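A quick write-up on the structure given underneath.
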Amino acid sequence: MNDEVTNSDTPEAGGTGGHGADFIREAVAEDLRTGRFSYVRTRLPPEPNGWMHIGHAKAFSIDYFVAKDFGGTCNLRFDDTNPAKEDMSFVEAIQRDTLWLGLDCRDRVLFASDYYELMYGHAVKLIEKGVAYVDDLSEEETREYRGTAVPDKNNITLTPPGRNSPYRDRTVAENLDLFARMRAGEFADGEKTLRAKIDMAHPNLVMRDPVMYRIKREPHYRTGDAWCIYPMYDFQEAISDAVEGVTHSLCSLEYEIHRPLYEWFIRETGVFPSRQIEFARLNISHTVLSKRWLLRLVQDGVVSGWDDPRMPTIAGLRRRGYTPEAIQDFLGRIGIAKTDSLVDIQLLEHCLREDLNRRAPRVMAVQKPLRLVIENWPEGSVDELEAVNNPEDASAGTRKVPFSGELWIERDDFAEVPPPKYFRLYPGNSVRLRYGYIVTCTGFDKDPATGEITAVRCSYDPATRGGNAPDNRKVKGTIHWVSAARALPVEIRLFDKLFAAERPMDVPAGVDWVATVNPDSREVLSGAFAEPSLATAEPGDSFQFERLGYFCCDADSRPGALVFNRSVSLRDTWAKIEKKQS
RNA sequence: UCCCCGGUUGUGUAAUGGUAGCACAGCAGACUCUGGAUCUGCCUGUGGGGGUUCAAAUCCUCCCUGGGGAACCA
């Protein structure tokens, strides 16, 4: 549709770029067509006060790929104007995470704090124009004078006009002097503010003489104690975007109501007129995307840290085994709109499965082991069987897997009394051992005290080596296994939804939402076994454990003591049948 | 009844006055040495009422309903 201006070549990184024109791209195309702008520049505007989560990934990907699609550039600018909360470690973490996601802004990393002097100059200009003034009202008084939407007796809310501050009509000279002295540190924190002189009766509360500067004696992680006054968001954003020549200042819906103020600052200072466009932020079912909530989970020790594999943070997703490709695919699929929405977490999981199915090497591991004894196996004999590394990718080749008379199989793959439609191992039934032999269950051992099955006995058919049945007999079940003699002990960590509730934020009044965390969201299996080829796995490596799911080697792994996180299970038809039966 | 923005199958998103489509989920089946993967089919939707028009998800209007706004945070 807008072929003359678009330049969509985002094959590898589909992201929020590979799909049709959303309303933002349409607006950008329109601006180019009408000549409002002759180029496109966007910016990722993180505040370095916390870890990036997938909600930020959505916002940043929109910024990045919109610019890319139109042949423009995208800055990574840290909006660091609140020294009380910000830190260099967050800057580094955000840079690492954005790069990992495929948002490469390495040669365009900028800081709002570099524009402090420039912002100060613009503020002075506004004072000289008579549209900004120094106010002596306290924080509480400011709030009170601004007025508020109040519920009346009919439970109807309305917003009465605010009142002018008694200091609103100071002379320009007086304001100039006071503002200079604010900067010089002559006043205590909170004693004075610089305010834009707009309209205390404005129906939009944001426009009722918003604060532009506050006094805050707090060392800044980049400017140290050079400043004791810091600009507020709206003023800072307008100036920073202008300095950088940002054409499209994309942000989430919560800033929609701020747009008139953003535009007011642009108009009054006469700087480059960036266009702000808002979109809906991301919500995902069964998790939370709020820095505050995530912080609480970390502080309360509910999770092991910001990179706990259950966390929706980029670091958490990475540790869980998510790939940047899967995340970008997901972000491309959810689209961009202004509708407040809740995306099903199953879509995210689907994207991971689809990506890993294509790329992850297959391997056999047993989560909950049960001993399988092949009674007619030649004593001491070991067979080396050939296994396919990835049926989706012939170039991945094959590997040898040791087989012998004692194996570990999955406890769930044996049933003393098979439920309906069960076609794995039970007395008298045959199954194929993946890439191995067809075996027939001849019996089992049971601990008379506990009733626990301690071993399953079977016989094998030597003619079925490799899993083929020369007599063409149908064997319905194929199960995975690990040679007991060569088994690699590993720890497996199973993860599930962080919250059982679809919308954890909608917690009933009086209930502490932290208590609603899914107690089964993490399960550690310390007695698992894997085939020997896994010995060389390194943290970050992903595998498909056949029939179980995709697993990622965790950073907690030590040589000889590997740990694997379940990234996502395989689709499990049997689980559905089982569920229906119960 | 203060200001702003929204409402399209269960979920997310297209259709920009002209056949309501796609994906995920769900259901059914085919195939299979992963109950994986793959393939096929099915299911359900324009919040409501008026109006404009040959024709409305789309434009107008009223209503209903959801979200945001009352930080010296961003």
Side-chain angles (χ1 to χ4, degrees), chain A residues 19-20 22-23 26 45-47 49 79-82 84-85 135 137-139 142-143 146-150 152 154-162 189-190 192-195 202-208 210-216 229-230 232-234 236-237 251-260 278 280 285 291 333-344 346-351 353-354 357-358 362 364 388 391-392 421-424 432-436 438 466-469 475-480 502 544-549 569-577:
Chain A
H19 300 258
D22 50 81
F23 77 96
E26 280 175 6
E47 183 189 12
N49 69 344
D79 282 349
D80 51 359
T81 51
N82 185 7
K85 296 181 175 176
D135 196 2
L137 252 30
S138 72
E139 198 171 339
T142 303
R143 225 192 316 273
R146 178 171 43 231
T148 178
V150 292
D152 74 0
N154 297 321
N155 211 17
I156 291 161
T157 58
L158 63 156
T159 308
D189 287 12
K192 292 188 186 335
T193 58
L194 182 71
R195 292 234 255 165
H202 199 108
N204 179 352
L205 275 349
V206 170
M207 297 296 274
R208 317 250 264 222
V211 172
M212 290 173 59
Y213 272 90
R214 75 281 209 189
I215 302 171
K216 200 169 200 149
I229 56 171
Y230 292 94
M232 298 288 290
Y233 169 80
D234 298 284
Q236 172 274 125
E237 196 72 359
C251 59
S252 53
L253 248 28
E254 54 197 302
Y255 294 103
E256 202 162 27
I257 201 156
H258 290 248
R259 194 188 332 132
E278 312 84 11
S285 68
K291 273 183 194 170
R333 291 182 194 228
I334 59 173
I336 308 170
K338 296 186 73 166
T339 319
D340 202 37
S341 62
L342 181 71
V343 178
D344 192 337
Q346 288 184 98
L347 180 60
L348 216 208
E349 296 177 341
H350 167 82
C351 292
R353 283 194 192 99
E354 196 166 87
N357 176 48
R358 218 164 15 94
R362 271 60 169 176
M364 289 193 284
V388 173
E392 306 290 322
K421 292 186 184 164
Y422 185 87
F423 47 82
R424 281 115 88 173
R432 177 171 20 242
L433 295 170
R434 178 77 156 153
Y435 299 121
I438 293 175
N468 304 305
V475 178
K476 200 113 197 287
T478 298
I479 66 174
H480 60 278
E502 204 170 54
Q544 185 197 97
F545 290 180
E546 294 216 29
R547 301 210 302 137
L548 297 177
S569 66
L570 249 23
R571 283 184 58 207
D572 189 347
T573 311
W574 172 246
K576 277 183 189 168
I577 296 171

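The model shown is predicted, which means the values in this text are computed figures rather than measured ones. In what follows, every chain begins at residue 1, and chains take the letters A, B, ... in the order their sequences are listed.
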Look for any protein N or O under 3.5 Å of an N or O in nucleotides 4-9 of chain B and output each such pair with its distance, or none.
from  : atom 1 : to        : atom 2 : distance (Å)
C5(B) : O4'    : Glu256(A) : OE1    : 3.4

Point to revise | G45(B) to A20(B) separation - P atoms, rounded to the nearest Å | key: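 Nearest-Å result for G45(B) against A20(B) at atom P: 13 Å.
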
Study note, to complete from the structure: Base-pair string, RNA chain B, Watson-Crick plus G-U, cut-off 3.5 Å on both distances, | for inter-strand, is .((((((..((((....[..)))).(((((.......)))))....(((((..]....))))))))))).....

Check your understanding: Just one of Arg259(A), Met212(A), His258(A) clears the side-chain contact (heavy atoms from CB on, under 4.5 Å) bar with Asp234(A), so which one?
Key -> His258(A)

Practice item. Compare all side-chain heavy atoms of Arg195(A) with those of Leu137(A) and state whether any distance is below 4.5 angstrom. Key: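 The answer is yes; the side chains approach within 4.5 Å.
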
How close or far is atom [atom2] of [N] from atom [atom1] of [X], stated in whole angstroms?
X: Phe423(A); N: G35(B); atom1: CZ; atom2: P; value: 7 Å
X: Leu137(A); N: A71(B); atom1: CG; atom2: P; value: 14 Å
X: Lys476(A); N: U34(B); atom1: NZ; atom2: C1'; value: 14 Å
X: Glu254(A); N: G69(B); atom1: CD; atom2: P; value: 7 Å
X: Asp572(A); N: A37(B); atom1: CG; atom2: P; value: 10 Å
X: Glu546(A); N: A37(B); atom1: CD; atom2: P; value: 13 Å

Point to revise | Partners meeting side chain to side chain donor-acceptor pair (under 3.5 Å) with Arg358(A) (sequence neighbours left out) | key: Asp355(A)

Check your understanding: Excluding sequence neighbours, so at least two apart, what forms side chain to side chain donor-acceptor pair (under 3.5 Å) with Gln236(A)?
Key ->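 Per chain and number, Gln236(A) pairs via side chain to side chain donor-acceptor pair (under 3.5 Å) with Ser240(A).
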
Practice item. Would you please name every residue forming a ring pair (Phe, Tyr, Trp, His ring centres under 6.0 Å) with Phe545(A), sequence neighbours left out? Key: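 For Phe545(A) the ring pair (Phe, Tyr, Trp, His ring centres under 6.0 Å) partners, ignoring immediate neighbours, are Phe551(A), Phe564(A).
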
Check whether any side-chain nitrogen or oxygen of [X] sits under 4.0 Å from OP1 or OP2 of [N], and answer yes or no.
X: Arg547(A); N: G35(B); result: yes
X: Arg434(A); N: U32(B); result: no
X: Ser341(A); N: U11(B); result: no

Identify whether any heavy atom of [X] sits under 4.0 Å from a base atom; if not, whether one sits that close to sugar-phosphate; answer base, sugar-phosphate or nothing.
X: Arg146(A); value: sugar-phosphate
X: Asn468(A); value: base
X: Ile577(A); value: base

Practice item. Take Leu548(A) and Glu237(A), find for each the nucleotide of RNA chain B with the closest heavy atom, and name the residue whose nucleotide sits nearer the 5' end. Key: Leu548(A)

Review point. Rounded to the nearest 0.5 Å, how far does CZ of Arg333(A) lie from CD of Glu354(A)?
Key: 5.0 Å

**Study point:** Evaluation steps, salt bridge (charged side-chain N to carboxylate O under 4.0 Å, His left out), between Lys85(A) and Glu47(A)
**Key:** CA-CA 9 Å; Lys85(A) 296 181 175 176; Glu47(A) 183 189 12; 5.5 Å; no

Study note, to complete from the structure: For nucleotides 23-30 of chain B, 5' to 3', base contacts (B), sugar-phosphate-only contacts (S) and non-contacts (-) with protein non-hydrogen atoms under 4.0 Å give SSSSSS--

**Study point:** Test item: Arg353(A) side-chain N/O and Gly549(A) main-chain N/O as donor-acceptor pair under 3.5 Å
**Key:** no

